[in-house]
Structure formats: structure tokens, C-alpha cells
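Worth knowing before you read on, the calculation uses all heavy atoms, side chains too, and leaves out hydrogens, waters and symmetry mates. Indexing begins at 1, ligand by ligand and atom by atom, following the structure's order.
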Amino acid sequence: MLIALHTFTTASTAGRNMVAKVIDGHAVARQVRAECRELTKSLVERGVTPGLAVIIVGENAASRVYVANKVKACTEVGLKSTVYAFDADTPGATVEAAILRLNDDPEVHGILVQLPLPAHFDVRRVLGAISSDKDVDGFHLYNVGGLVVGDTVFPPCTPYGVQKMLEYENILVEGQNVVVVGASNIVGKPMALMLMQKDATVCICHAKTRDLAQFTILADILVVAAGKPNLILPQMVRTGAVVIDVGINRLPDGRLVGDVDFEGVRRKASYITPVPGGVGPMTVTMLVHNTVKAAQRHAALA
Ligand code: GUN
């Protein structure tokens, strides 16, 4: 008798007239953080406390919340984090000099520059100043290049979190039609590369795509990272599709919503991520994961 060790769910095997399973980002995050906590404990026993330096420039309210969440997650897992806050009018050279000092600091294993930076910054130059060994965001061109050839040390945190969520739910990626809506450097492009690496057939749509629905309707797995509330409506989604909503939008009434009409689409999809409580907790968690990995690499070299 054959026993299946792994059962995968695909859009085509999912039933019809279903209500989607809501993927709980907090539950997946808890599992990854527990693994990170164990790894951190054994590093600390060897005299290495994983350390993250976070650089934030200016007063962007959302960035401040994100940075506070990153610090909290580090503390929970046992990492040391330090925030370097600069005024909005700080010259680029000052921030780059701070990065170079952190590159040389043996107690700092990961460096993150919170984006967006004020308009006068040359973002590529600032991110390029971070040592690729400490680039836990995965935004340095060396790590971006690694992603392109399928051999990266630090995958960018948000798409890495999405990949973990798909793995957690045993959702098959190989051979599936994946449509990524949004072509940003932070989410859309790395997401597409990571899923292509797992042998999905990937299509990237963006703000200039004509007739978005003709693409989204083909998706077995639809990843939406466009920053537009209600961009994805039920008629744009294939029955049984897996729908991952990376959007975070604050509505005028104060509510936080994603890019997907959650109530409508959940009646058509097989899996869906909520906002809040879906991808968001995973982004922070994968940053912790990458920082622990950076510390492990450092300890192995020491
Ligand atoms: N701003 C929005 N998302 C991110 C992220 O993943 N990393 C950094 N550094 N800044 C961001």
C-alpha cells in the first residue's frame, strides 16, 4: 500500500462553492519565531547574541510603527536591536557613514534601513553601503543577484514570509499558475523570482497592465501587492484559487484593509490571507529569521 507522506493542496483539487480557509499569519509566525528562539538560545550559549541595527530617517508615521514592531519581535525572540533615528534633513553621507561603522561592528549581524527614505536620498547608494553579509532585508544588489540565480542568503522578508505561509499550508507551487499583482523591488519582483525558482509559471502585473482581470482569472495562486483597496474583486478570481493579500491600506474611517475584497473573494478562493493578521506578522518574523541566520554565519566564521 502506498502512503502519501505529504499532501499538497492545489487550486484544481479544491472543491467548488467553498469558503476559503483563512491563513493565520500569527500562527505561522509563532512557529517560525519558536524555531528562531531555539537557534538564538544556542548562539547565546556560544557567546553570540544576534544583533540588529535599524536605521530610520524622518517622521513617516507608518515607518515608525513598522520599526517598533521589528524591535518588539527581536526582543521577544532574544535578539538585541538598536534603532538609529535621523532627522529628515540628514545628509545621505551621514547615514552612509553610520552604515559603514555598523558594517565593522562585530555585535551587529543585521542592518536594515527602513524605507521609504526622504526624497533627497539616493536609495540605491544607501542600500549598497550595507555589507551584503549583514543585509537582512535582502535589498543589496549582491543579494538581489543571488535571488535571480536562485542562490540567495537573505531572501527579502515579505515574499519570504509568503513562501513560508504557502509551505505551512502545504500549498503546491510547482507547475501552478502564479499571478503577482505589483512589481515593486520589495515585494512583487522578488516574489515572482522566488516562486519561479520553485517551478511555478509566473506572470507579473503592474499599474500599467491593461485588463488586469484577464490575467488574475488564470491564477492558481494570486499574490496581490499593489496598495489599492478593493483592487481584486470576486469576478477576477478563479474558483479555488489561493489568494495572498500583501496590501496594507488605511481607509478614511481608520480601518486597515488589504488590496482584496476579502468578504467577496473568500467565498470563491480555497485559501485567503486576512489583513490585518496575514502577511504582516510574517514580514517581521522573517526579518528576525534572517538576522539569526546572519549571526549563525558570523559565528561559523569567528
Ligand atoms: N518599507 C516597507 N517594507 C519594508 C521592508 O520590508 N524593509 C524595509 N527596510 N523597509 C520597508
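- When atom types are taken as modelled, the side chain of Asp245 and the backbone of Val260 share a donor-acceptor pair closer than 3.5 angstrom.
- The pair Glu96-Arg125 meets the salt-bridge criterion, with a side-chain N (NZ, NE, NH1 or NH2) lying under 4.0 Å from an Asp/Glu carboxylate O.
- Listed by first then second residue, pairs satisfying side chain to side chain donor-acceptor pair (under 3.5 Å) with a partner in residues 22-33 read Arg33-Glu76, Arg33-Thr285, not counting sequence neighbours.
- Under 3.5 Å, the side chains of Lys70 and Gln114 contain a donor-acceptor pair of N or O atoms.
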Pairs under 3.5 Å, N/O atoms on ligand 1 and on the protein: can you put them in a table with the distances?
unit_1	atom_1	unit_2	atom_2	d
ligand 1	1 (N)	Gln114	NE2	3.3
ligand 1	1 (N)	Leu115	O	2.9
ligand 1	7 (N)	Asp137	OD1	3.3
ligand 1	7 (N)	Asp137	OD2	3.1
ligand 1	9 (N)	Val113	O	2.8
ligand 1	9 (N)	Asp137	OD2	2.5
ligand 1	10 (N)	Gln114	NE2	3.4
ligand 1	10 (N)	Leu115	N	3.0

Donor-acceptor contacts, no H, no angles, side chain residues 143-162, under 3.5 Å, sequence neighbours left out:
unit_1	atom_1	unit_2	atom_2	d
Asn143	ND2	Ser132	O	3.3
Asn143	ND2	Asp135	OD2	2.7
Thr152	OG1	Asn143	O	3.3
Thr158	OG1	Thr283	OG1	2.9
Tyr160	OH	His289	NE2	3.1

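- Residues satisfying the side-chain hydrogen bond (donor to acceptor under 3.5 Å, both in side chains) criterion with His109, sequence neighbours excluded, are absent altogether.
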